[in-house]
Amino acid sequence: MNASEFRRRRRQLMGMMGPNSVAILPTSREAVRNRDVHHPFRPDSDFFYLTGFAEPEAVMVLVPGRSHGEYILFCREKDPDKETWDGYRAGLEGATADYGADDAFPISDLDDILPGLLEERERVFFAMGTDPALDKRVSDWVAQVRARARAGVQGPIEFLALDHFLHEMRLYKSRAEVATMRRAARLSAAAHCQLMRRVEPDMYEYQLASVFGHHCAMHGARELAYPSIVGGGNNACVLHYVENSEPLKAGDLVLVDAGCELECYASDITRTFPVSGRFSEPQAQLYQLVLDAQLAAIDKVRAGNHWNDPHQAAVRVLTKGLLKLGLLRGTLANAIKSESYRRFYMHRTGHWLGMDVHDVGDYKIDGHWRLLEPGMVLTVEPGLYIPRGAKGVAKKWQGIGIRIEDDVLVTRGEPDVLSRDVPKEIDRIEALMAR
Ligand code: GLY
Ligand code: MN
Ligand code: MN
(Lines give C-alpha, C1' and ligand atoms only; values in the text may rest on other atoms or scores of the structure.)
(Ligands and ions follow the chains in the order given, each with its own letter.)
Protein backbone atom coordinates (compact mmCIF):
# COMPACT_ATOMS: atom_id res chain seq x y z
CA MET A 1 0.00 0.00 0.00
CA ASN A 2 1.76 3.22 -0.99
CA ALA A 3 1.55 6.66 0.54
CA SER A 4 -0.89 7.97 -2.05
CA GLU A 5 -3.47 5.33 -1.06
CA PHE A 6 -3.42 6.53 2.55
CA ARG A 7 -3.57 10.16 1.42
CA ARG A 8 -6.55 9.40 -0.80
CA ARG A 9 -8.38 7.84 2.14
CA ARG A 10 -7.73 10.83 4.41
CA ARG A 11 -8.95 13.18 1.68
CA GLN A 12 -12.09 11.12 1.19
CA LEU A 13 -12.83 11.15 4.91
CA MET A 14 -12.16 14.91 5.18
CA GLY A 15 -14.51 15.45 2.25
CA MET A 16 -17.23 13.67 4.21
CA MET A 17 -16.44 15.59 7.41
CA GLY A 18 -16.68 18.98 5.80
CA PRO A 19 -15.17 22.24 7.12
CA ASN A 20 -15.20 23.31 10.80
CA SER A 21 -14.65 19.72 11.90
CA VAL A 22 -11.96 17.65 13.53
CA ALA A 23 -11.36 13.88 13.73
CA ILE A 24 -9.49 12.21 16.59
CA LEU A 25 -8.35 8.62 16.17
CA PRO A 26 -5.96 6.71 18.45
CA THR A 27 -4.22 3.45 17.60
CA SER A 28 -4.51 0.31 19.78
CA ARG A 29 -2.98 -0.03 23.19
CA GLU A 30 -0.19 -2.49 23.85
CA ALA A 31 -1.51 -5.51 25.73
CA VAL A 32 0.39 -7.23 28.50
CA ARG A 33 0.73 -10.98 28.06
CA ASN A 34 2.43 -11.64 31.37
CA ARG A 35 4.52 -9.34 33.52
CA ASP A 36 7.15 -7.73 31.25
CA VAL A 37 6.02 -9.55 28.12
CA HIS A 38 3.60 -7.94 25.68
CA HIS A 39 1.44 -9.48 23.00
CA PRO A 40 2.78 -8.66 19.55
CA PHE A 41 1.56 -5.15 18.79
CA ARG A 42 -1.04 -4.78 16.02
CA PRO A 43 -2.18 -1.25 15.11
CA ASP A 44 -5.86 -0.44 15.24
CA SER A 45 -7.37 -1.14 11.83
CA ASP A 46 -9.13 2.22 11.47
CA PHE A 47 -5.97 4.05 12.49
CA PHE A 48 -3.75 2.05 10.14
CA TYR A 49 -6.29 2.46 7.32
CA LEU A 50 -5.75 6.22 7.42
CA THR A 51 -2.09 6.44 8.40
CA GLY A 52 -0.15 3.28 7.53
CA PHE A 53 1.61 3.96 10.84
CA ALA A 54 2.32 0.79 12.82
CA GLU A 55 3.84 2.04 16.08
CA PRO A 56 1.99 2.00 19.41
CA GLU A 57 1.22 5.21 21.34
CA ALA A 58 -0.02 7.33 18.47
CA VAL A 59 -3.06 9.50 17.76
CA MET A 60 -4.12 10.86 14.39
CA VAL A 61 -5.92 14.18 14.18
CA LEU A 62 -7.48 15.48 10.97
CA VAL A 63 -8.38 19.15 10.83
CA PRO A 64 -9.80 19.91 7.37
CA GLY A 65 -8.79 23.32 6.12
CA ARG A 66 -6.26 24.05 8.89
CA SER A 67 -3.68 26.34 7.36
CA HIS A 68 -0.71 24.86 9.26
CA GLY A 69 -1.61 21.39 7.99
CA GLU A 70 -4.65 19.17 8.05
CA TYR A 71 -3.07 15.89 9.07
CA ILE A 72 -1.41 15.82 12.49
CA LEU A 73 0.25 12.78 13.96
CA PHE A 74 1.03 12.51 17.66
CA CYS A 75 3.64 9.82 18.22
CA ARG A 76 6.66 8.83 20.27
CA GLU A 77 9.73 10.99 19.88
CA LYS A 78 13.02 9.48 18.83
CA ASP A 79 14.97 8.40 21.89
CA PRO A 80 18.30 6.60 21.38
CA ASP A 81 18.21 5.10 24.88
CA LYS A 82 14.73 3.69 24.59
CA GLU A 83 15.35 2.61 21.02
CA THR A 84 18.32 0.57 22.19
CA TRP A 85 15.98 -1.43 24.38
CA ASP A 86 12.69 -1.51 22.53
CA GLY A 87 13.36 -0.87 18.87
CA TYR A 88 13.41 1.94 16.35
CA ARG A 89 10.86 4.74 16.21
CA ALA A 90 9.85 6.96 13.33
CA GLY A 91 9.91 9.99 15.59
CA LEU A 92 8.41 13.33 14.65
CA GLU A 93 10.77 13.61 11.67
CA GLY A 94 9.68 10.22 10.33
CA ALA A 95 6.01 11.02 10.88
CA THR A 96 6.23 13.91 8.44
CA ALA A 97 8.94 12.63 6.08
CA ASP A 98 7.82 8.99 5.76
CA TYR A 99 4.14 8.98 6.70
CA GLY A 100 2.95 12.16 5.09
CA ALA A 101 1.86 13.99 8.24
CA ASP A 102 1.71 17.76 7.78
CA ASP A 103 2.64 18.24 11.40
CA ALA A 104 3.85 15.93 14.16
CA PHE A 105 3.95 16.35 17.94
CA PRO A 106 5.12 14.19 20.84
CA ILE A 107 2.34 11.96 22.14
CA SER A 108 3.17 13.30 25.62
CA ASP A 109 1.96 16.75 24.49
CA LEU A 110 -1.49 15.54 23.49
CA ASP A 111 -3.30 17.10 26.45
CA ASP A 112 -1.60 20.47 25.88
CA ILE A 113 -2.24 20.71 22.15
CA LEU A 114 -5.61 19.07 21.58
CA PRO A 115 -7.83 21.75 23.19
CA GLY A 116 -6.36 24.34 20.83
CA LEU A 117 -7.21 22.17 17.84
CA LEU A 118 -10.83 21.96 18.98
CA GLU A 119 -11.30 25.74 19.03
CA GLU A 120 -13.63 27.02 16.33
CA ARG A 121 -14.43 23.43 15.30
CA GLU A 122 -18.15 22.71 15.43
CA ARG A 123 -18.11 18.99 14.77
CA VAL A 124 -15.90 16.38 16.45
CA PHE A 125 -15.58 12.97 14.78
CA PHE A 126 -14.62 10.46 17.40
CA ALA A 127 -15.42 6.79 18.16
CA MET A 128 -16.92 7.21 21.56
CA GLY A 129 -17.25 4.18 23.82
CA THR A 130 -14.27 2.21 22.57
CA ASP A 131 -11.72 3.50 25.09
CA PRO A 132 -13.20 4.91 28.34
CA ALA A 133 -9.91 6.57 29.33
CA LEU A 134 -9.76 8.45 26.03
CA ASP A 135 -13.48 9.32 26.20
CA LYS A 136 -12.67 11.06 29.47
CA ARG A 137 -9.74 12.93 27.97
CA VAL A 138 -11.79 14.11 25.00
CA SER A 139 -14.50 15.44 27.28
CA ASP A 140 -11.82 17.20 29.37
CA TRP A 141 -10.43 18.84 26.22
CA VAL A 142 -13.89 19.96 25.19
CA ALA A 143 -14.55 21.31 28.68
CA GLN A 144 -11.35 23.35 28.52
CA VAL A 145 -12.45 24.93 25.24
CA ARG A 146 -15.94 25.65 26.60
CA ALA A 147 -14.44 27.29 29.68
CA ARG A 148 -13.05 29.94 27.35
CA ALA A 149 -16.47 30.81 25.93
CA ARG A 150 -16.45 34.22 27.59
CA ALA A 151 -13.18 34.97 25.82
CA GLY A 152 -15.15 34.46 22.63
CA VAL A 153 -13.85 31.00 21.89
CA GLN A 154 -16.39 28.75 20.15
CA GLY A 155 -16.26 25.09 21.22
CA PRO A 156 -17.62 21.98 19.49
CA ILE A 157 -21.38 21.55 19.42
CA GLU A 158 -21.76 18.24 17.65
CA PHE A 159 -20.20 14.80 18.14
CA LEU A 160 -20.26 12.24 15.35
CA ALA A 161 -19.32 8.58 15.29
CA LEU A 162 -16.10 8.55 13.30
CA ASP A 163 -16.15 4.75 13.13
CA HIS A 164 -19.46 4.78 11.27
CA PHE A 165 -18.02 6.90 8.45
CA LEU A 166 -14.77 4.96 8.31
CA HIS A 167 -16.44 1.58 8.33
CA GLU A 168 -18.58 2.54 5.41
CA MET A 169 -15.39 3.46 3.52
CA ARG A 170 -13.62 0.26 4.54
CA LEU A 171 -16.46 -1.91 3.28
CA TYR A 172 -15.68 -0.95 -0.33
CA LYS A 173 -12.23 -2.24 -1.22
CA SER A 174 -10.08 -0.20 -3.57
CA ARG A 175 -8.02 -1.76 -6.35
CA ALA A 176 -4.94 -1.71 -4.10
CA GLU A 177 -6.83 -3.35 -1.25
CA VAL A 178 -8.19 -6.09 -3.49
CA ALA A 179 -4.66 -6.74 -4.78
CA THR A 180 -3.34 -7.12 -1.23
CA MET A 181 -6.24 -9.33 -0.18
CA ARG A 182 -5.74 -11.49 -3.24
CA ARG A 183 -2.06 -11.92 -2.34
CA ALA A 184 -2.99 -12.84 1.25
CA ALA A 185 -5.59 -15.34 0.08
CA ARG A 186 -3.18 -16.92 -2.40
CA LEU A 187 -0.52 -17.27 0.23
CA SER A 188 -2.96 -18.87 2.68
CA ALA A 189 -4.26 -21.15 -0.06
CA ALA A 190 -0.74 -22.38 -0.75
CA ALA A 191 -0.22 -22.97 2.97
CA HIS A 192 -3.46 -25.00 3.15
CA CYS A 193 -2.20 -27.15 0.24
CA GLN A 194 1.01 -27.68 2.18
CA LEU A 195 -0.97 -28.92 5.18
CA MET A 196 -2.81 -31.45 3.03
CA ARG A 197 0.57 -32.77 1.88
CA ARG A 198 2.20 -32.78 5.28
CA VAL A 199 -0.52 -34.09 7.61
CA GLU A 200 -0.12 -37.56 9.06
CA PRO A 201 -1.71 -39.60 11.82
CA ASP A 202 -0.42 -38.94 15.35
CA MET A 203 0.78 -35.45 14.46
CA TYR A 204 -0.55 -32.99 17.03
CA GLU A 205 -3.07 -30.40 15.96
CA TYR A 206 -0.74 -27.58 17.03
CA GLN A 207 2.04 -29.08 14.94
CA LEU A 208 -0.12 -28.90 11.85
CA ALA A 209 -0.96 -25.31 12.82
CA SER A 210 2.74 -24.52 12.98
CA VAL A 211 3.23 -25.83 9.44
CA PHE A 212 0.68 -23.22 8.36
CA GLY A 213 2.45 -20.40 10.19
CA HIS A 214 5.82 -21.51 8.89
CA HIS A 215 4.70 -21.62 5.28
CA CYS A 216 3.14 -18.16 5.54
CA ALA A 217 6.25 -16.71 7.20
CA MET A 218 8.57 -18.22 4.61
CA HIS A 219 6.50 -16.54 1.92
CA GLY A 220 6.33 -13.11 3.44
CA ALA A 221 3.46 -13.03 5.93
CA ARG A 222 4.76 -12.86 9.45
CA GLU A 223 1.36 -12.54 11.10
CA LEU A 224 -1.79 -14.59 10.98
CA ALA A 225 -5.16 -12.88 10.83
CA TYR A 226 -6.41 -14.91 13.83
CA PRO A 227 -5.27 -17.94 15.83
CA SER A 228 -5.46 -21.03 13.63
CA ILE A 229 -8.20 -23.54 14.36
CA VAL A 230 -7.01 -27.11 13.81
CA GLY A 231 -9.56 -29.65 14.99
CA GLY A 232 -9.31 -33.38 14.39
CA GLY A 233 -12.42 -35.59 14.48
CA ASN A 234 -14.84 -34.51 17.18
CA ASN A 235 -12.82 -31.35 17.95
CA ALA A 236 -13.96 -29.93 14.62
CA CYS A 237 -17.43 -29.61 16.16
CA VAL A 238 -16.16 -26.79 18.39
CA LEU A 239 -16.50 -23.77 16.11
CA HIS A 240 -13.63 -21.72 17.54
CA TYR A 241 -11.45 -24.59 18.73
CA VAL A 242 -8.03 -23.03 19.29
CA GLU A 243 -6.59 -25.41 21.88
CA ASN A 244 -5.08 -27.49 19.06
CA SER A 245 -3.76 -29.82 21.73
CA GLU A 246 -4.60 -33.34 20.58
CA PRO A 247 -3.03 -35.82 18.20
CA LEU A 248 -4.75 -36.38 14.86
CA LYS A 249 -6.18 -39.84 14.38
CA ALA A 250 -6.06 -41.98 11.27
CA GLY A 251 -9.58 -42.26 9.87
CA ASP A 252 -10.67 -38.86 11.23
CA LEU A 253 -11.21 -35.68 9.30
CA VAL A 254 -9.28 -32.59 10.31
CA LEU A 255 -10.75 -29.10 10.01
CA VAL A 256 -8.24 -26.29 9.48
CA ASP A 257 -9.47 -22.68 9.66
CA ALA A 258 -6.43 -20.48 9.13
CA GLY A 259 -5.40 -17.37 7.25
CA CYS A 260 -2.43 -15.07 7.08
CA GLU A 261 -2.47 -11.30 7.41
CA LEU A 262 -0.61 -9.12 4.91
CA GLU A 263 -0.16 -5.40 5.50
CA CYS A 264 -3.03 -5.63 7.99
CA TYR A 265 -5.36 -7.37 5.52
CA ALA A 266 -6.85 -10.72 6.48
CA SER A 267 -7.48 -13.93 4.65
CA ASP A 268 -9.79 -16.52 6.17
CA ILE A 269 -9.88 -20.01 4.69
CA THR A 270 -11.20 -23.31 6.00
CA ARG A 271 -10.58 -26.74 4.53
CA THR A 272 -11.56 -30.11 5.95
CA PHE A 273 -9.67 -33.20 4.82
CA PRO A 274 -9.00 -36.79 5.88
CA VAL A 275 -5.97 -37.30 8.14
CA SER A 276 -5.00 -40.44 6.23
CA GLY A 277 -5.79 -39.11 2.77
CA ARG A 278 -9.07 -40.86 1.92
CA PHE A 279 -12.63 -39.90 2.92
CA SER A 280 -14.78 -42.71 4.36
CA GLU A 281 -18.23 -43.12 2.83
CA PRO A 282 -20.15 -41.23 5.56
CA GLN A 283 -17.50 -38.50 5.67
CA ALA A 284 -17.70 -38.12 1.90
CA GLN A 285 -21.51 -37.89 1.98
CA LEU A 286 -21.52 -35.10 4.55
CA TYR A 287 -18.56 -33.36 2.93
CA GLN A 288 -20.19 -33.33 -0.51
CA LEU A 289 -23.29 -31.83 1.04
CA VAL A 290 -21.33 -28.96 2.61
CA LEU A 291 -19.48 -28.42 -0.67
CA ASP A 292 -22.74 -28.31 -2.65
CA ALA A 293 -24.09 -25.78 -0.14
CA GLN A 294 -20.94 -23.69 -0.41
CA LEU A 295 -21.02 -23.64 -4.21
CA ALA A 296 -24.71 -22.66 -4.17
CA ALA A 297 -23.93 -19.87 -1.71
CA ILE A 298 -20.96 -18.58 -3.71
CA ASP A 299 -23.16 -18.45 -6.78
CA LYS A 300 -25.32 -15.91 -4.91
CA VAL A 301 -22.41 -13.54 -4.29
CA ARG A 302 -23.47 -11.17 -7.02
CA ALA A 303 -24.03 -7.45 -7.13
CA GLY A 304 -27.70 -6.71 -6.52
CA ASN A 305 -28.35 -9.78 -4.38
CA HIS A 306 -28.78 -9.08 -0.69
CA TRP A 307 -26.53 -10.04 2.17
CA ASN A 308 -28.68 -12.98 3.23
CA ASP A 309 -29.04 -14.60 -0.21
CA PRO A 310 -25.89 -16.76 0.10
CA HIS A 311 -26.94 -17.90 3.59
CA GLN A 312 -30.42 -18.82 2.42
CA ALA A 313 -28.98 -20.79 -0.49
CA ALA A 314 -26.63 -22.70 1.82
CA VAL A 315 -29.38 -23.44 4.35
CA ARG A 316 -31.62 -24.78 1.64
CA VAL A 317 -29.04 -27.20 0.23
CA LEU A 318 -27.89 -28.36 3.66
CA THR A 319 -31.42 -28.91 4.97
CA LYS A 320 -32.46 -30.81 1.89
CA GLY A 321 -29.40 -33.03 2.20
CA LEU A 322 -29.88 -33.63 5.93
CA LEU A 323 -33.46 -34.75 5.26
CA LYS A 324 -32.28 -37.08 2.52
CA LEU A 325 -29.60 -38.63 4.76
CA GLY A 326 -32.17 -39.13 7.55
CA LEU A 327 -30.48 -36.69 9.91
CA LEU A 328 -33.58 -34.49 9.92
CA ARG A 329 -37.23 -35.42 9.60
CA GLY A 330 -40.23 -33.72 8.07
CA THR A 331 -40.66 -31.54 5.01
CA LEU A 332 -38.10 -29.14 3.61
CA ALA A 333 -40.38 -26.15 4.15
CA ASN A 334 -40.98 -27.08 7.79
CA ALA A 335 -37.34 -27.84 8.53
CA ILE A 336 -36.32 -24.45 7.16
CA LYS A 337 -39.13 -22.60 8.90
CA SER A 338 -38.54 -24.26 12.27
CA GLU A 339 -34.77 -23.96 11.79
CA SER A 340 -34.31 -27.58 12.85
CA TYR A 341 -31.16 -27.62 10.70
CA ARG A 342 -29.54 -25.41 13.34
CA ARG A 343 -28.83 -28.49 15.39
CA PHE A 344 -26.10 -29.29 12.83
CA TYR A 345 -25.52 -25.87 11.25
CA MET A 346 -25.67 -23.22 13.95
CA HIS A 347 -23.66 -20.35 12.48
CA ARG A 348 -24.16 -17.95 9.62
CA THR A 349 -22.67 -18.47 6.18
CA GLY A 350 -20.18 -15.62 6.26
CA HIS A 351 -19.05 -12.16 7.27
CA TRP A 352 -17.35 -9.15 5.73
CA LEU A 353 -13.61 -9.59 5.31
CA GLY A 354 -10.94 -6.90 5.19
CA MET A 355 -8.45 -5.47 7.66
CA ASP A 356 -10.34 -7.27 10.41
CA VAL A 357 -11.19 -10.90 9.88
CA HIS A 358 -14.76 -10.16 10.94
CA ASP A 359 -14.62 -6.89 9.12
CA VAL A 360 -16.57 -3.72 9.68
CA GLY A 361 -19.60 -2.59 7.72
CA ASP A 362 -23.32 -2.79 8.40
CA TYR A 363 -25.19 -5.90 7.30
CA LYS A 364 -28.57 -4.23 7.37
CA ILE A 365 -29.69 -0.78 6.34
CA ASP A 366 -32.95 0.57 7.76
CA GLY A 367 -33.81 -2.92 8.91
CA HIS A 368 -33.28 -4.58 5.52
CA TRP A 369 -30.43 -6.81 4.40
CA ARG A 370 -27.92 -4.74 2.52
CA LEU A 371 -27.40 -5.26 -1.21
CA LEU A 372 -24.06 -6.64 -2.36
CA GLU A 373 -21.99 -4.19 -4.42
CA PRO A 374 -18.76 -4.50 -6.39
CA GLY A 375 -15.70 -4.14 -4.16
CA MET A 376 -17.19 -5.82 -1.11
CA VAL A 377 -15.37 -8.93 0.14
CA LEU A 378 -17.03 -11.61 2.23
CA THR A 379 -16.45 -15.16 3.35
CA VAL A 380 -18.67 -18.07 2.36
CA GLU A 381 -18.33 -20.78 4.98
CA PRO A 382 -21.14 -23.25 5.51
CA GLY A 383 -20.51 -26.32 7.65
CA LEU A 384 -22.03 -29.31 9.40
CA TYR A 385 -21.18 -30.34 12.94
CA ILE A 386 -22.28 -33.67 14.41
CA PRO A 387 -20.58 -34.24 17.74
CA ARG A 388 -19.92 -37.58 19.34
CA GLY A 389 -22.88 -38.73 21.41
CA ALA A 390 -25.45 -36.71 19.43
CA LYS A 391 -28.80 -38.13 20.53
CA GLY A 392 -30.81 -40.08 17.97
CA VAL A 393 -28.06 -39.82 15.35
CA ALA A 394 -26.58 -42.95 13.75
CA LYS A 395 -23.04 -43.67 14.96
CA LYS A 396 -21.54 -43.37 11.50
CA TRP A 397 -22.22 -39.62 11.37
CA GLN A 398 -20.87 -38.81 14.82
CA GLY A 399 -17.58 -37.05 15.54
CA ILE A 400 -17.59 -35.26 12.20
CA GLY A 401 -17.24 -31.52 11.81
CA ILE A 402 -16.90 -30.00 8.36
CA ARG A 403 -16.55 -26.41 7.20
CA ILE A 404 -15.46 -25.12 3.82
CA GLU A 405 -14.61 -21.43 3.70
CA ASP A 406 -13.52 -19.18 0.86
CA ASP A 407 -12.98 -15.43 0.46
CA VAL A 408 -15.11 -13.93 -2.28
CA LEU A 409 -15.03 -10.53 -3.97
CA VAL A 410 -18.26 -9.10 -5.33
CA THR A 411 -17.70 -7.92 -8.92
CA ARG A 412 -19.89 -6.62 -11.72
CA GLY A 413 -19.92 -10.17 -13.07
CA GLU A 414 -19.06 -13.56 -11.66
CA PRO A 415 -18.10 -14.01 -7.99
CA ASP A 416 -14.30 -13.75 -7.72
CA VAL A 417 -13.05 -16.42 -5.30
CA LEU A 418 -9.78 -14.99 -4.01
CA SER A 419 -8.89 -18.26 -2.26
CA ARG A 420 -9.60 -20.52 -5.21
CA ASP A 421 -6.09 -22.02 -5.31
CA VAL A 422 -6.73 -24.60 -2.64
CA PRO A 423 -8.73 -27.64 -3.78
CA LYS A 424 -12.05 -28.50 -2.16
CA GLU A 425 -13.52 -31.23 -4.36
CA ILE A 426 -13.14 -34.71 -2.83
CA ASP A 427 -11.20 -36.19 -5.75
CA ARG A 428 -8.87 -33.20 -5.98
CA ILE A 429 -8.12 -33.27 -2.25
CA GLU A 430 -7.44 -37.01 -2.36
CA ALA A 431 -5.25 -36.60 -5.42
CA LEU A 432 -3.22 -33.82 -3.76
CA MET A 433 -2.81 -35.86 -0.58
CA ALA A 434 -1.76 -38.98 -2.48
CA ARG A 435 1.20 -37.18 -4.02
N1 GLY B 1 -11.85 -17.73 11.33
C2 GLY B 1 -13.01 -17.24 11.94
C3 GLY B 1 -14.14 -17.28 11.03
O4 GLY B 1 -14.12 -18.05 10.09
O5 GLY B 1 -15.08 -16.56 11.14
MN1 MN C 1 -14.70 -16.70 8.55
MN1 MN D 1 -12.41 -18.90 9.24
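These numbers were taken from a predicted model, which means no experiment stands behind them. Atoms within a ligand are numbered from 1 in the order they appear, just like the ligands themselves. Each residue takes its place number in the sequence, starting with 1. Every heavy atom of this structure was used, including side-chain atoms; hydrogens, water molecules and symmetry mates were not.
Judged by distance alone, the side chain of E83 and the main-chain N or O of D79 form a donor-acceptor pair under 3.5 Å.
For the residue pair L255 and A236, the shortest heavy atom distance occurs at CB-CB, 3.7 Å.
Protein residues lining ligand 1, listed by chain and number: Y226, D257, D268, H351, H358, E381, E405 [non-hydrogen atoms, distance under 4.0 Å].
Side-chain atoms of Q12 and R9 include no donor-acceptor pair closer than 3.5 Å. Side-chain contact of Y226 with D257: a donor-acceptor pair under 3.5 Å is present, judged by distance alone. There is no side-chain donor-acceptor pair under 3.5 Å between Y71 and D102.
In this structure, the ring pair (Phe, Tyr, Trp, His ring centres under 6.0 Å) partners of Y99, at least two apart in sequence or on a different chain, are F53.
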Please list every donor-acceptor pair under 3.5 Å in which a side-chain atom of residues 371-383 meets a protein atom from a residue at least two apart or in another chain.
| from | atom 1 | to | atom 2 | distance (Å) |
| --- | --- | --- | --- | --- |
| E373 | OE2 | Y172 | OH | 2.8 |
| T379 | OG1 | H351 | N | 3.2 |
| T379 | OG1 | H351 | NE2 | 3.4 |
| T379 | OG1 | E381 | OE2 | 2.9 |
| E381 | OE2 | H351 | NE2 | 2.9 |

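Here I336 contributes atom CD1 and E339 contributes atom CD; the two are 10.0 Å apart, rounded to the nearest 0.5 Å.
Here 4 is the count of protein N, O or S atoms positioned under 2.8 Å from the Mn ion (ligand 2), waters not counted.
The side chain to side chain donor-acceptor pair (under 3.5 Å) test with S419 is passed by exactly one of D406, T270, D268, D407: D406.
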